[in-house]
Amino acid sequence: MKKYILIISLTYQFDKTNFFPDLIHTRTMPLSMLNIGDIRQVNKIHGKDETRRFLESLGFVAGSTVSIVSENGGNFIINVKGSRIALSKALASKIFVA
């Protein structure tokens, strides 16, 4: 009995424009991924409406400049619009920056 190994080579043209277009073109990442001292602009807020409204009331709106001041135990001190705001890692991960 002969055994055959079949190798199939598929070439697929991957179209990046249709796969997470807002993440690829602007290279966004969650605020929680930034290092201390990094300065970025808010791109989008994810989460429930109540969470988005709360973060927007703190100054996290699209286009605003944010920077990480410090991190301690998974919590962040973030500078936004001239104020320092303390956020948990869960809330910081809902803010996407570019």
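For clarity, every value in this text was computed on a predicted model and none was experimentally measured. Quick note: residue numbers are just sequence positions, from 1.
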Enquirer: When you group the ILVMFWY residues by side-chain heavy-atom contacts below 4.5 Å and let the links chain together, are L58 and L31 in the same group?
Expert: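 Linked within one cluster.
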
Enquirer: For the CZ atom of R84 and the CG atom of N79, what is their distance to the nearest 0.5 Å?
Expert: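 Reported value, rounded in 0.5 Å steps: 6.0 Å.
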
Enquirer: Hey, are the side chains of M29 and L34 touching, using non-hydrogen atoms and a 4.5 Å cut-off?
Expert: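 In contact.
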
Enquirer: To the closest 0.5 Å, what do you measure between NZ (K48) and CZ (R53)?
Expert: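 Reported to 0.5 Å precision, the distance equals 12.0 Å.
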
Enquirer: Is there a path from I36 to V69 through hydrophobic residues (I, L, V, M, F, W, Y) whose side chains come within less than 4.5 Å of each other?
Expert: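 No, because I36 and V69 fall into different hydrophobic clusters, even though each may have its own neighbours under 4.5 Å.
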
Enquirer: Working to the nearest 0.5 angstrom, can you tell me the gap between S67 OG and I77 CD1?
Expert: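 S67 OG to I77 CD1: 11.5 Å, rounded to 0.5 Å.
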
Enquirer: Could you measure the distance from the CD atom of E56 to the CZ atom of F60? Nearest 0.5 Å is fine.
Expert: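 The distance works out to 11.5 Å.
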
Enquirer: For residues V80 and S64, report the shortest heavy-atom separation together with the two atoms involved.
Expert: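 Scanning both residues, the minimum pair turns out to be CG2-OG, 4.2 Å.
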
Enquirer: Please output the side-chain donor-acceptor pairs of residues 86-98 that fall under 3.5 Å, not counting sequence neighbours, one pair per line with the distance.
Expert:
residue: S88; atom: OG; partner: L91; partner atom: N; Å: 3.3
residue: S93; atom: OG; partner: K89; partner atom: O; Å: 3.4
residue: S93; atom: OG; partner: A90; partner atom: O; Å: 2.7

Enquirer: Any chance you could measure Q41, atom CD, to T28, atom OG1, to the nearest 0.5 Å?
Expert: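 Taking CD in Q41 and OG1 in T28, the distance rounds to 13.0 Å.
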
Enquirer: If you measure from CZ on F76 to OG on S32, what distance do you get to the nearest 0.5 Å?
Expert: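 The distance works out to 5.5 Å.
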
Enquirer: Testing the basics here: between V61 and K81, what is the closest heavy-atom pair and its distance to 0.1 Å?
Expert: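 For V61 versus K81, the nearest heavy atoms are CG2-NZ, 3.7 Å.
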
Enquirer: Could you check I39, V42, D38, I85 and say which one makes a side-chain contact (heavy atoms from CB on, under 4.5 Å) with V66?
Expert: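 Result for side-chain contact (heavy atoms from CB on, under 4.5 Å) with V66: V42.
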
